[in-house]
Number of protein chains: 2
Amino acid sequence: MADITAEYLTCPIRNVISRFGDKWSMLVLYSLHTSETGILRFNELRRHMTDCSQKMLSQTLKNLEQSHLVHRKVYPEVPPRVEYSLTDTGKSLMPTVMALIAWGKEHFNEVVTDGGY
Amino acid sequence: MADITAEYLTCPIRNVISRFGDKWSMLVLYSLHTSETGILRFNELRRHMTDCSQKMLSQTLKNLEQSHLVHRKVYPEVPPRVEYSLTDTGKSLMPTVMALIAWGKEHFNEVVTDGGY
DNA sequence: TAATTCGGTAACTTTTGGGTACTTTTGTAA
DNA sequence: TTACAAAAGTACCCAAAAGTTACCGAATTA
């Protein structure tokens, strides 16, 4: 996730990939996008993605925050409360992400058939 | 890339991600899509993606072939000749991929600023 | 008196990614 | 005749990333 090659600094594809092309980022974006209020707390996200460990979720959120796609709001309470939501940049990405998901649904069979697993 | 969880078998996001959410797949798809004939040989692809090693390119192409996004045509010659092109499924994905790239170009600055690297 | 909640982190193991060198067969150049 | 180049990869090894498990600290809940 840390590429310093000249290619990476100027290529939009490489840039996009390095920001949310990992295993969990899109699921976070999707969860926030489709939630009622657009806001989810850490453990709410966990319940949306039960196969993602705490560590990976926290790492993913940190990346998304650094990429300015997700906003992190901390309430200094006990027990702690942290609310995650999409930034405007994050929101601007969602139509494309939803298109990608729609493609995935439509072409699920063509792509799954005998390939992996 | 080999996920057997129930989530992965039914979730289109996870499915999409596992097919071409890696570092090089989208660059291959893009290269094929934007090439004049829609056909590229192995070493032509290499020259399009100079920061991708032979091994990773060959691995990426194998994945894309198994996912039925890329077609591989071998000519039994010496030296060997192998031509890669998009399948119909692969072609159907390109509008979305190009939209993603367009987003990347437009929001490059917002996303790069101080985040990664 | 536990147990649970919440949002993580530290330490550790496993899996994946990535680089370098090498292969094979033929044609070409020295 | 020897040597090299081309093509499309593979084998081997190490580094990096992903993933697992245990744990934290204060406050409510049972």
Side-chain angles (χ1 to χ4, degrees), chain A residues 1-5 7-8 14 17-28 31-32 39-67 70-85 116-117, chain B residues 1-8 13-14 17-28 31-32 39-67 70-85 116-117:
Chain A
M1 206 60 84
D3 291 284
I4 337 172
T5 65
E7 321 258 6
Y8 257 84
R14 290 172 174 79
I17 287 289
S18 74
R19 298 299 160 174
F20 55 90
D22 62 289
K23 195 168 171 181
W24 303 113
S25 290
M26 261 180 61
L27 287 160
V28 169
S31 296
L32 290 173
I39 296 172
L40 289 174
R41 299 177 61 178
F42 188 84
N43 278 340
E44 288 179 310
L45 278 166
R46 283 219 64 196
R47 285 188 281 276
H48 279 244
M49 306 154 55
T50 52
D51 54 341
C52 178
S53 70
Q54 272 184 316
K55 182 201 158 189
M56 290 316 297
L57 180 56
S58 130
Q59 210 171 89
T60 302
L61 287 166
K62 206 176 286 176
N63 279 336
L64 290 173
E65 195 196 352
Q66 285 185 335
S67 298
V70 161
H71 178 68
R72 182 171 186 272
K73 185 169 186 185
V74 185
Y75 296 84
E77 304 173 357
V78 173
R81 180 154 65 105
V82 181
E83 289 181 349
Y84 292 95
S85 56
Y117 310 134
Chain B
M1 207 61 87
D3 292 283
I4 337 172
T5 64
E7 319 257 6
Y8 258 85
I13 306 182
R14 288 172 173 81
I17 287 290
S18 75
R19 297 300 160 174
F20 55 90
D22 62 289
K23 196 169 172 183
W24 304 113
S25 290
M26 261 179 61
L27 287 159
V28 169
S31 295
L32 290 174
I39 296 173
L40 289 175
R41 298 176 63 180
F42 188 84
N43 278 340
E44 288 179 312
L45 279 165
R46 283 217 65 195
R47 285 188 281 275
H48 280 245
M49 306 155 55
T50 52
D51 53 342
C52 178
S53 70
Q54 271 184 315
K55 182 201 158 190
M56 290 316 296
L57 180 55
S58 129
Q59 208 171 89
T60 301
L61 287 166
K62 206 175 287 176
N63 279 336
L64 290 173
E65 195 196 350
Q66 285 186 336
S67 297
V70 161
H71 178 69
R72 182 172 187 272
K73 185 168 186 186
V74 185
Y75 295 84
E77 304 173 357
V78 172
R81 181 154 64 107
V82 181
E83 289 183 347
Y84 293 95
S85 56
Y117 309 134

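Here is how names work: the chains are called A, B, and so on, in the same order as the sequence lines, proteins then strands, and each is numbered from 1.
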Quiz item: Which residues satisfy the side-chain contact (heavy atoms from CB on, under 4.5 Å) test with A/Lys55, sequence neighbours excluded?
Solution: A/Ser53, A/Gln59

Self-check item: With sequence neighbours excluded, residues passing side-chain contact (heavy atoms from CB on, under 4.5 Å) with A/Val78
Solution: none

Does [N] have OP1 or OP2 sitting under 4.0 Å from an N or O in the side chain of [X]?
X       : N      : value
B/Ser53 : C/dG19 : yes
B/Gln59 : C/dG18 : no
B/Lys23 : C/dG18 : yes
B/Trp24 : C/dG18 : yes

Practice problem: Could you please spell out the steps behind the side chain to side chain contact (heavy atoms under 4.5 Å, CB included) verdict for A/Arg14 and B/Asp51? | Solution: CA-CA 11 Å; A/Arg14 290 172 174 79; B/Asp51 53 342; 2.8 Å; yes

Practice problem: Using side-chain hydrogen bond (donor to acceptor under 3.5 Å, both in side chains) as the criterion, list what pairs up with A/Ser25, not counting sequence neighbours. | Solution: A/Asp22

Quiz item: Considering residues at least two apart in sequence or located in another chain, which fulfil the side-chain hydrogen bond (donor to acceptor under 3.5 Å, both in side chains) criterion with A/Glu83?
Solution: A/Tyr75, A/Arg81

List, one per line, each side-chain donor-acceptor pair under 3.5 Å for residues 41-48 of chain A, sequence neighbours excluded.
{"from": "A/Arg41", "atom 1": "NH2", "to": "A/Pro80", "atom 2": "O", "distance (Å)": "3.4"}
{"from": "A/Glu44", "atom 1": "OE1", "to": "A/Arg41", "atom 2": "N", "distance (Å)": "2.7"}
{"from": "A/Arg46", "atom 1": "NH2", "to": "A/Cys52", "atom 2": "O", "distance (Å)": "3.4"}

Between [atom2] of [N] and [atom1] of [X], the distance in whole Å:
X       : N      : atom1 : atom2 : result
B/Leu27 : C/dG17 : CG    : P     : 15 Å
B/Tyr75 : D/dG9  : OH    : C1'   : 18 Å
B/Asp22 : C/dT16 : CG    : P     : 13 Å
B/Met56 : C/dG18 : CE    : P     : 4 Å
B/Met49 : C/dG18 : CE    : P     : 11 Å
A/Arg46 : D/dG19 : CZ    : P     : 13 Å
B/Leu45 : D/dA8  : CG    : P     : 10 Å
B/Asn63 : C/dT16 : CG    : P     : 11 Å

Quiz prompt | Sugar-phosphate or base contact per nucleotide [nucleotides 4-12 of chain C; S, B, -; heavy atom under 4.0 Å] | solution = -BBBBS---

Self-check item: Of B/Lys73, B/Arg72, B/His71, the residue whose pairing with B/Tyr84 passes side chain to side chain donor-acceptor pair (under 3.5 Å)
Solution: B/Arg72

